[in-house]
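What you see is a predicted model; the values in this text were computed from it and never measured. Side chains are part of it too, since the values below use all heavy atoms of this structure and drop only hydrogens, waters and symmetry mates.
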Amino acid sequence: MNQPARVLSPVPSPASARSAMERIATQLGRAVQGKEAQAQLVVTCVVAGGHLLLEDVPGVGKTTLAEALARACGLSFSRVQFTADLMPADILGAQVFHAQSATFQFRPGPLFRQLVLADELNRAPPRTQSALLEAMAQGQVSLDGATYPLPPPFTVVATQNPVDFSGTYPLPDSQLDRFMVRMSLGHPAPEVEARLLATRGGAPALDAVEGVSGPEEVASLRALAAELKLDAAVAEFVVRLATATRQHGDIERGASTRAVLALGAAARAQALWEARDFVTPGDVRAVLVPCWAHRVLLRSAVQGVTARDEAAHLLEEIARKVPAPR
């Protein structure tokens, strides 16, 4: 498959980048009201070049948020409903025989979009879940000896129900580690629910979302974030945090090297919210829990939401104890 040349918008300044990120987050807030912090974290993840895992009970706006993100960023979009009988070819694509030419030609699957919503990812069997691994890690698909690049800025937003729901399969650790950020939306505040009931009148939330960006701008934001300065002292701080997770008595497996790199990338994007061209320890702390809580394995037998909350508590404790550079 021929890949179109990648075109970048002029590299923005940190100030103009913040303005662009605010525009996108504002549109997300129109679709999912009362979740400003979560909307900001979604934009941070996308600008950092990461994939996003939304874990929550049904009916709180996970799918709407993903569709709003695609619309606001002007990205091509596909939604795959993961079910127990979904096969890898259903998402990757397949070689199809053409009788007229007597040849096999590749028919791309729904993965070949700039933003892919993998809805209820943990309802699919592990084989199909694993089919996403190469795509998420390398932005490409290999099939029958050929490699097919995915359109940039390729991003996966996956949703999963809590693992204690019936009919779910726990995501393998190798796949969890591919998600830069895991977050929950939670139920809206009572006053927000009342406002939705009174004002929306059944109108789809996505109707209010406008396209305010494009794939070229997203690519430029990513390029700028990747170039932000993260000096040696902050880098050592990140490594000390990782070492603390590896040595903690309640954690069986601490943060991986991939987790360290993901935290650095997310902290760079976080710095843009302050229109800075350098990363501070505060940026690292701001994204520590959403970047690492799903990556550390606890020694206790708790699972699901309880494990997530316990991991977050341990990471916050570690962040308080590990000295930060001044």
Side-chain angles (χ1 to χ4, degrees), residues 1-9 42 45-46 49-54 62-160 169 171-172 174-180 206 211 213-223:
M1 172 177 290
N2 294 326
Q3 180 68 16
R6 187 178 182 186
V7 178
L8 297 180
S9 292
V42 169
C45 179
V46 171
H51 304 289
L52 175 68
L53 179 61
L54 298 171
K62 303 188 296 294
T63 302
T64 300
L65 180 64
E67 294 189 56
L69 178 63
R71 181 174 295 195
C73 293
L75 306 180
S76 59
F77 175 77
S78 67
R79 173 184 177 179
V80 182
Q81 182 65 47
F82 278 66
T83 57
D85 59 351
L86 192 73
M87 301 299 292
D90 294 330
I91 61 172
L92 301 179
Q95 298 287 351
V96 178
F97 183 74
H98 285 253
Q100 291 182 339
S101 60
T103 59
F104 284 91
Q105 296 181 11
F106 180 63
R107 177 181 294 173
L111 211 55
F112 286 80
R113 296 292 186 276
Q114 291 165 322
L115 194 149
V116 177
L117 169 59
D119 212 2
E120 297 189 300
L121 177 60
N122 59 337
R123 288 198 180 279
R127 183 182 174 199
T128 304
Q129 293 177 8
S130 297
L132 278 177
L133 285 179
E134 181 185 12
M136 294 173 64
Q138 301 178 28
Q140 66 180 30
V141 167
S142 295
L143 202 66
D144 296 332
T147 300
Y148 305 92
L150 296 166
F154 176 72
T155 303
V156 171
V157 177
T159 72
Q160 71 164 352
Y169 299 83
L171 296 181
S174 57
Q175 183 156 355
L176 277 176
D177 207 31
R178 259 69 176 186
F179 288 100
M180 177 177 285
L206 288 173
S213 187
E216 294 82 11
E217 183 175 62
V218 173
S220 295
L221 291 171
R222 288 184 174 186

K.L.:
Test of understanding: with side-chain contact (heavy atoms from CB on, under 4.5 Å), list the residues that count as partners of A70, not counting sequence neighbours.
P.N.:
F77, L115

K.L.:
Tell me whether H51 contacts the main-chain N or O of M136 through its side chain, where contact means a donor paired with an acceptor under 3.5 Å.
P.N.:
yes

K.L.:
What is the minimum heavy-atom distance between P110 and D90, and which atoms define it?
P.N.:
CD-O, 3.2 Å

K.L.:
Between L206 and A68, which heavy-atom pair has the shortest distance, and what is it?
P.N.:
CD2-N, 3.5 Å

K.L.:
Over 60° means perpendicular and under 30° means parallel, so tell me whether F106 and F112 are parallel, tilted or perpendicular.
P.N.:
perpendicular

K.L.:
Nearest 0.5 angstrom please: L132 CG to L111 CG, how far?
P.N.:
6.0 Å

K.L.:
Do any N or O atoms from the side chain of Q140 and from the backbone of Y148 form a donor-acceptor pair under 3.5 angstrom?
P.N.:
no

K.L.:
Verify side-chain contact (heavy atoms from CB on, under 4.5 Å) between L69 and T155, making sure each step is shown before the conclusion.
P.N.:
CA-CA 11 Å; L69 178 63; T155 303; 5.6 Å; no

K.L.:
What I'd like to find out is whether the side chain of V141 reaches to under 4.5 Å of the side chain of L150, using heavy atoms alone.
P.N.:
yes

K.L.:
Quick check: closest heavy atoms across R178 and A137, and the distance to 0.1 Å?
P.N.:
NE-CB, 3.8 Å

K.L.:
Using salt bridge (charged side-chain N to carboxylate O under 4.0 Å, His left out) as the criterion, list what pairs up with D119, not counting sequence neighbours.
P.N.:
R79

K.L.:
Apply side-chain contact (heavy atoms from CB on, under 4.5 Å) to F154 and Q138, showing your working.
P.N.:
CA-CA 10 Å; F154 176 72; Q138 301 178 28; over 6 Å; no

K.L.:
For E120 and Q81, which heavy atoms make the closest approach, and how far apart are they?
P.N.:
OE1-NE2, 2.7 Å

K.L.:
For L121 and V80: C-alpha separation, side-chain torsions, deciding distance, then whether side-chain contact (heavy atoms from CB on, under 4.5 Å) applies.
P.N.:
CA-CA 9 Å; L121 177 60; V80 182; over 6 Å; no

K.L.:
So, taking the atom named CG in N122 and the one named CD in Q160, what distance separates them when rounded to the nearest 0.5 Å?
P.N.:
4.5 Å

K.L.:
Quick check: closest heavy atoms across P153 and P215, and the distance to 0.1 Å?
P.N.:
CD-CB, 3.8 Å

K.L.:
Does R113 offer a backbone N or O that forms a donor-acceptor pair with the side chain of S76 under 3.5 Å?
P.N.:
no

K.L.:
Which atoms form the tightest heavy-atom contact between P149 and T147, and what is the distance?
P.N.:
CD-O, 3.9 Å

K.L.:
Among V156, V157, L176, T159, which residue satisfies the side chain to side chain contact (heavy atoms under 4.5 Å, CB included) criterion with L53?
P.N.:
L176

